[in-house]
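Have a look at the structure below before the remarks.
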Number of protein chains: 2
Amino acid sequence: MSQTVDRALSILPLLAQGPADLGQVADRLGVHKSTALRLLRTLHDHGLVYRQQDQRYRLGARLFALAQEAVENLDVRDVAHPHLVTLNEQIGHTVHLAVYEESEVLYIDKVESRYPVRMYSRIGKPVAITVAAVAKLLLGDLPEHERRAIADKLDYPMYTSRSTPNAAAFLKELAAVREQGWATDLGGHEESINCIGAPIRGAAGRVVAAMSVSAPNVVVTAEELLTLLPLVRRTADAISREYSGSGTPH
Amino acid sequence: MSQTVDRALSILPLLAQGPADLGQVADRLGVHKSTALRLLRTLHDHGLVYRQQDQRYRLGARLFALAQEAVENLDVRDVAHPHLVTLNEQIGHTVHLAVYEESEVLYIDKVESRYPVRMYSRIGKPVAITVAAVAKLLLGDLPEHERRAIADKLDYPMYTSRSTPNAAAFLKELAAVREQGWATDLGGHEESINCIGAPIRGAAGRVVAAMSVSAPNVVVTAEELLTLLPLVRRTADAISREYSGSGTPH
DNA sequence: AATGAGTGTTGCACATGATGCAACGACGAG
DNA sequence: CTCGTCGTTGCATCATGTGCAACACTCATT
């Protein structure tokens, strides 16, 4: 693995948190200023990093363009989006679409709730992997040894009293989810928010994405939310059919 | 400039055109396969590149996550402030920066006039939405139906004889502003104060903020103020470029 | 003016770390 | 079974990235 490139790439997440000047970058990389300068210059030449008027660096437009390309390659999103909108029109709550990649679960699409009380989430943000319904669906479909390896490596933060406490409980939950073909998160991340989710499968039957519907307690109770499960599953199945029907990507 | 990083980063736009295997990457970089392999591995470790089942590489979702995080942490104020100060140093009058949020237009930054006679305003204070130049710019960019909905809900207080009298006049004014790309408020709020404003646009071309220059009649006439318009527009454009991250090196 | 602390920048000698080579392993096709 | 293709690994060589020290610049303080 290339040290120079490794250092250069470490700058990107650092700048994503906000602009930083040369000294800060050098410090956080643990390298000399001149080294950081050369790395930043190279990133700059490629447009991934931009230098604002006060000389601080931030992420550049090129990165956004690339990100755009990257997400277009995730073509599940194209197929799913209209279905998600339709579902949102029917039930009103927030609808999410997520994928698993490289030990992370990311939201890649979202349709906002029509209700004034909304849950906080962000497209592109890694999901709370140990509790989210979509995470359980995506991880649950992995081969047994991978599931175990991932479960062992994870932390299990107790967001609430109902969060998944440890690897054993998580694996058990994954098995249950895999078996039943849907998942929930009842107050496991935020005490007052419930979630139900269903898997989206590709042509080979593998889970390629997962969708979920989230709503706060104050809008609907968990029981009421669960009555929507058949509708959510039908939507997920419709997306699966369309996605696997269209055949090969690109 | 760092050769290794340079090569690694050149892989990204290459993959943006579509997935490629190791050999193709090595060829197009003009390096040995083993070199390309190490670069790809490093990119992979950072999640910028993803390896699909057929072993070919494509752009990774992490790129998307990074870009998303960056826009969330991007503050227009940070970017704009130095430009506003520069403009103020050139022309001396009060400079404002405003955004639209939740049916209100708010001043979020201000550089005070150097002249003793100053206009009253306060950062964080809602703007007189029916007459202020910045309000016209921000509302003018909204979709047609939203503009109409807002215009209908507003009150049209007659601060002066030149205030916008009703919804119809307001919508007409918004259309004109949208068309010409700048706005004025000539004595519409306070009889003796004039204002010129220009929009600041984000990467997607949408108006994300607006800036204005204000001066009382006793200091400059409306005609004199209008001669400053090109300078104001240039400043706004410079901020737009920087905010969307597509600006100049050094 | 003079001073000093805080930046970003440049040139350079050194050795670290990236490079290409060649050999290996895995896979599929003929 | 053999050839061809592709990804992977270990290694010797030296090109490259590295830290240092000195410089240039701005800003605030005296």
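Every heavy atom of this structure was used, including side-chain atoms; hydrogens, water molecules and symmetry mates were not. Below, chains carry the letters A, B, ... as their sequence lines are ordered, and counting in each starts from 1.
- We find that CG of A/D6 is positioned 12 Å from P of C/dG17, with the value rounded to whole Å.
- Between B/I91 atom CD1 and B/E224 atom CD the span is 12.5 Å, to the nearest 0.5 Å.
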Check nucleotides 27-30 of chain C against the protein and report each pair of N or O atoms closer than 3.5 Å, with its distance, or say if there are none.
none

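- If you take CZ of A/R56 and P of C/dG6, they are 18 Å apart, rounded to a whole angstrom.
- Taking atom CG on B/L40 and atom P on C/dA18, their separation rounds to 15 Å, with Å as the unit.
- Here the CZ-CG distance, from B/R206 to B/L138, works out to 10.5 Å after rounding to the nearest 0.5 Å.
- A/D27 has its CG atom 13 Å from the P atom of D/dG19, to the nearest Å.
- Where A/G23 and B/K33 meet DNA chain C, the nucleotide closest to each residue was compared, and A/G23 sits on the side nearer the 5' end.
- Side-chain contact annotation: B/Y50 with B/R58, donor-acceptor N/O pair under 3.5 Å absent.
- Applying the 6.0 Å contact sphere to CD of A/E179 captures no more than 12 heavy atoms from other residues, nucleotides or ligands.
- Rounding to the nearest 0.5 Å places CG of B/L15 at 5.5 Å from CG of B/L59.
- Put simply, CG on B/D21 is 16 Å from C1' on C/dA26, counting in whole angstrom units.
- In this structure, the side chain of B/T42 engages the main chain of A/S2 through a donor-acceptor pair within 3.5 Å.
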Could you please spell out the steps behind the side chain to side chain contact (heavy atoms under 4.5 Å, CB included) verdict for A/M211 and A/I239? CA-CA 10 Å; A/M211 60 177 294; A/I239 298 170; 4.0 Å; yes
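- Applying the side-chain contact (heavy atoms from CB on, under 4.5 Å) test between A/R201 and each of A/D237, A/D141, A/V208 identifies A/D141 as the sole match.
- When rounded to the nearest whole Å, the span between CD of A/Q24 and C1' of C/dG6 equals 13 Å.
- Protein atom CG of B/L29 is 10 Å distant from nucleotide atom P of C/dG20, rounded to whole Å.
- No side-chain N or O of B/H93 forms a donor-acceptor pair with one of B/N88 less than 3.5 Å apart.
- Taking atom CD of A/Q55 as the reference point, atom P of D/dC25 lies 13 Å away to the nearest angstrom.
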Mark up nucleotides 9-18 of chain D, 5' to 3', with B wherever a protein heavy atom is under 4.0 angstrom from a base atom, S wherever such an atom reaches only the sugar-phosphate, and - elsewhere. B------SSB
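- To the nearest 0.5 Å, atom CZ of residue A/F170 and atom OG1 of residue A/T130 are 6.5 Å apart.
- For the atom pair B/L37 CG and B/L22 CG, the distance stands at 5.5 Å (nearest 0.5 Å).
- Comparing the helix axis at one end of the helix from C/dA1-D/dT30 to C/dG30-D/dC1 with that at the other, each defined from 5 consecutive pairs, gives an inter-axis angle of 30° (nearest 10°).
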